[in-house]
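This report concerns only the one structure given below.
Residue numbers start from 1 in every chain, and the chains themselves are labelled A, B, ... in the order their sequence lines are given, proteins ahead of strands. The basis for the numbers below is simple: all heavy atoms, side chains too, and nothing from hydrogens, waters or symmetry mates.
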Number of protein chains: 2
Amino acid sequence: MLGRNGTVGKAIEVLDQVADHGRPVRFSELLDGSRFPKATLYRFLQSLVGQGMLAYDAERQTYMPGLRLVRLAHAAWQHSSLAPIARPHVDALAEVVREAVHLAQIDHGHVIFVDKRKKTNMFDTLAQTGLVAPSYCTGVGKAILAFLPEETRSEALKMQAFVPYTPHTHRSPRSLWPELDQIRDEGIAFDREEHEQGIISVAAPIIPDQRRVVGAISIATSTSRRSLDELKTLSPTLRETASRIAAEVQPWQFPN
Amino acid sequence: MLGRNGTVGKAIEVLDQVADHGRPVRFSELLDGSRFPKATLYRFLQSLVGQGMLAYDAERQTYMPGLRLVRLAHAAWQHSSLAPIARPHVDALAEVVREAVHLAQIDHGHVIFVDKRKKTNMFDTLAQTGLVAPSYCTGVGKAILAFLPEETRSEALKMQAFVPYTPHTHRSPRSLWPELDQIRDEGIAFDREEHEQGIISVAAPIIPDQRRVVGAISIATSTSRRSLDELKTLSPTLRETASRIAAEVQPWQFPN
DNA sequence: TGTTTGGTTCCATATAATGAAACCTAGTTT
DNA sequence: AAACTAGGTTTCATTATATGGAACCAAACA
């Protein structure tokens with residue numbers, strides 16, 4: 001039962017696989033990317049469909065997330081995500097700064113974008129709500145890493161592959177440490193085109209009432225629109241929004 | 001594996017139980033409401049925490065939905081829920097009619113509210129997004145039931161307990177059939193204080209391109225604010241909104 | 001008509017799950 | 001201080017469930 005080779009772990013893996021397709025998916029497509037034998041995968045799919053976690057379209061022979069998962073989703077969203085509480089603050093910040101605003105949480109060393117707001121159609125980042133990103137080369141990721149307890153941070157850094165997405169990306173934990181120290185000092189993190197070429201951001205951690213960091217919020221833009229120095233001038237507004245969100249968060253509500 | 005006594009079914013039952021608490025919950029509280037022996041429940045919780053579907057707060061010894069579920073949630077929400085597509089239409093309708101607007105889908109005979117908008121703070125119904133309601137005594141439920149294929153409708157009706165929530169509630173499928181016929185004729189359903197005393201609604205099914213019904217939308221209010229006749233005058237607007245949503249829905253995207 | 005493809009089922013065997021009982025720690029009561 | 005209680009955690013002989021290669025099925029294709 002425990003671990004990825006338990007029955008529960010395997011079922012969740014299948015669930016993830018269907019969800020990751022982002023569209024209805026046929027059995028053979030799932031089989032191609034699966035580590036399970038045909039009969040085993042088939043049985044897991046039948047089981048998840050029977051439980052309502054997946055839905056099966058008999059006409060097109062495709063699988064997709066089911067309404068029981070949608071229902072669970074909602075409960076999870078409301079009680080384990082910053083997004084419901086932070087939404088008005090994220091909206092307000094986006095209105096003021098006229099750039100993309102991201103809200104993220106961390107999960108086993110990876111950043112999960114849980115909300116994103118922008119008020120213009122001119123520009124966008126790759127960040128999509130619900131998506132996972134590395135923590136070592138995103139503003140929100142570094143803002144969170146800097147304020148994690150030492151041991152948790154070490155574990156989180158171990159899980160990073162330090163893929164050099166751009167010439168500016170950190171290549172190792174050792175390279176990153178001095179910057180994390182600086183982030184702790186200033187309470188502000190920057191993404192200097194480290195994750196996406198041409199994309200910069202400024203981020204602040206969300207830390208309720210001297211407790212541990214629960215997430216981070218960032219303002220992201222392109223180098224063609226703004227400079228890093230211009231982003232710096234938005235730091236006070238950003239910190240204030242992060243504080244407001246932190247004030248509303250009840251720390252016991254969130255996982256980590 | 002198949003059914004509620006398979007390992008997967010049991011794990012999902014535990015997941016549901018934690019999610020249904022809507023707040024961090026301790027092991028003993030879960031044990032109280034569980035059909036599993038102590039060791040079995042404990043092991044399921046450890047397994048789900050290990051997989052990230054649940055999170056465990058060691059300080060308070062409480063469990064809650066985990067970020068992997070939030071992530072899965074998002075995928076499910078975006079690809080298996082009407083809400084993302086329907087949102088602008090629901091907003092627009094709420095703006096026009098100045099009452100609560102509900103969006104719902106059906107799942108094994110039960111209605112799931114997937115979105116809800118209102119532009120006044122004066123009153124509210126019990127409908128909460130993500131919640132499940134019976135189909136036989138809600139406007140959206142009856143709107144969907146009426147347009148389901150015959151066999152699916154029979155199955156769905158069998159799953160209803162026909163609890164008489166108010167004196168106006170249908171007590172049996174037999175009692176409901178003539179009204180479903182009428183709903184099919186008119187393309188409009190009413191909740192005449194059948195689910196909640198004092199609450200009435202008008203609902204229309206969402207049926208893309210001669211295909212099967214995928215959901216329904218309703219306008220709900222209280223008898224102290226509006227009469228049923230007044231709600232009737234909103235039918236054309238409601239039908240139009242339902243048609244607009246249906247036009248955007250790609251029928252293969254949604255589960256049944 | 002024979003072959004291919006994708007999906008579905010079978011069942012002897014293997015593996016994981018089971019759950020009563022015991023254990024552990026912290027707090028409470030005597 | 002000792003005994004007791006409560007909530008959480010672990011053990012392991014036994015049982016139940018999962019496994020997965022092979023076979024089967026239906027539809028489409030050559």
Under 4.0 Å between any heavy atoms, over every strand shown, what does [X] touch: base, sugar-phosphate, or nothing? Just pick one.
X     : value
A/K38 : base
B/Q61 : sugar-phosphate
A/T7  : sugar-phosphate
A/T40 : base

Below 4.0 Å: OP1/OP2 of [N] and any side-chain N or O of [X]:
X     : N      : value
B/Y56 : D/dT9  : yes
B/R43 : C/dT18 : yes
B/Y42 : D/dT9  : yes

Quiz item: Hey, do the aromatic rings of B/F36 and B/F44 have their centres closer than 6.0 Å?
Solution: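 B/F36 vs B/F44: aromatic centres under 6.0 Å.
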Check the distance between [N]'s [atom2] and [X]'s [atom1] and give it to me in whole angstrom.
X     : N      : atom1 : atom2 : result
B/F44 : D/dG8  : CZ    : P     : 18 Å
B/K10 : D/dT15 : NZ    : C1'   : 11 Å
A/F27 : C/dT8  : CZ    : C1'   : 8 Å

Quiz item: Just how far is it from atom CD of B/E13 to atom CZ of B/R35, taken to the nearest 0.5 Å?
Solution: 4.0 Å
Quiz item: Is the shortest side-chain N to carboxylate O distance from B/E179 to B/R184 below 4.0 Å?
Solution: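 No, B/E179 and B/R184 are not salt-bridged.
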